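Right, one structure below, let's go through it.
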Amino acid sequence: GAVVSQHPSRVICKSGTSVKIECRSLDFQATTMFWYRQFPKQSLMLMATSNEGSKATYEQGVEKDKFLINHASLTLSTLTVTSAHPEDSSFYICSAIDRGRFAKNIQYFGAGTRLSVL
Amino acid sequence: DAKTTQPNSMESNEEEPVHLPCNHSTISGTDYIHWYRQLPSQGPEYVIHGLTSNVNNRMASLAIAEDRKSSTLILHRATLRDAAVYYCILRRETSGSRLTFGEGTQLTVNP
């Protein structure tokens, strides 16, 4: 149980294009979803927190107009990297909290999306 | 968030126990101790968490010092699949589910 699916696993795009990454909780309803970014040989950095039906809360230094987050349902959150540039190349990872087990506050992570911007 | 300190790397031999230490001297009474691990090129995976008492699950054991200023994640019999970066994270109850990842410990398991 508690499976989070992230799609695509890898994407290569041209500079200036937008890329959408999907994060789905497959067997549970997610109260809250998180988006992280991880550069090579570095730790995960939290980008934003999204709650179903409300606006995402972005961490300091993360441009909300560049990284658009939509959490339209209890099982789906999307991250759109708008006008991507080479410096946006990174490993993007989502996670979700199981609504039914919210009290445990355990995050279940997707497998990540490796974005390469040429 | 209270800070944790972990060794950058550790080595172990297959089928031997592994003790991964974590120092958190500024922990507060409402901070939970969470452990996650990340295998290469994958998202992190929850391992275990606790507040004051030692905890066991099918993956590992968590030993928490009496003063809570340190904890140890115990893998009872390391396998090659346990090679990963292990993160010790303090989660403050008032911050909800938010986690702040540090650098973690890179565990190498030798065959």
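Within every chain, numbering begins at 1; the chains are lettered A, B, ... in the order of the sequence lines, protein sequences first and strands thereafter. Keep in mind that what you see is a predicted model, and the values were worked out from it rather than measured.
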Rounded to the nearest 0.5 Å, what separation is found between the [atom1] atom of [X] and the [atom2] atom of [Y]?
X        : Y         : atom1 : atom2 : answer
Leu99(B) : Leu46(A)  : CG    : CG    : 8.5 Å
Arg98(B) : Thr57(A)  : CZ    : OG1   : 10.0 Å
His34(B) : Ile106(A) : NE2   : CD1   : 7.0 Å

Could you tell me which portion of Gln38(A) (side chain, backbone, both or neither) has an atom closer than 4.5 angstrom to a non-hydrogen atom of chain B?
side chain
Flag if over 12 foreign heavy atoms under 6.0 Å of [atom1], [X]:
X        : atom1 : result
Glu87(A) : CD    : yes
Asp67(B) : CG    : yes
His7(A)  : NE2   : no
Lys20(A) : NZ    : no

Within a strict 4.5 Å, meaning less than it, do heavy atoms of the [X] and [Y] side chains meet?
X        : Y         : value
Pro44(B) : Gln107(A) : no
Tyr36(A) : Phe101(B) : yes
Gln38(B) : Leu44(A)  : yes
Phe34(A) : Ser97(B)  : yes

Are [X] and [Y] in one and the same hydrophobic cluster, where Ile, Leu, Val, Met, Phe, Trp and Tyr link if side-chain heavy atoms are under 4.5 Å apart?
X        : Y        : value
Leu74(A) : Ile97(A) : no
Leu73(B) : Ile33(B) : yes
Phe91(A) : Leu79(A) : no
Met33(A) : Tyr58(A) : no

Non-hydrogen atoms of chain A under 4.5 Å away: do they reach the side chain of Tyr36(B), the backbone, both or neither?
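Looking at Tyr36(B), just its side chain touches chain A.
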Of all the heavy-atom pairs spanning Ser43(A) and Tyr87(B), show the shortest one and how long it is.
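Heavy atoms of Ser43(A) and Tyr87(B) come nearest at OG-CE2, 3.4 Å.
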Got a salt bridge between Glu103(B) and Lys41(A), using NZ or NE/NH1/NH2 to carboxylate O under 4.0 Å?
no
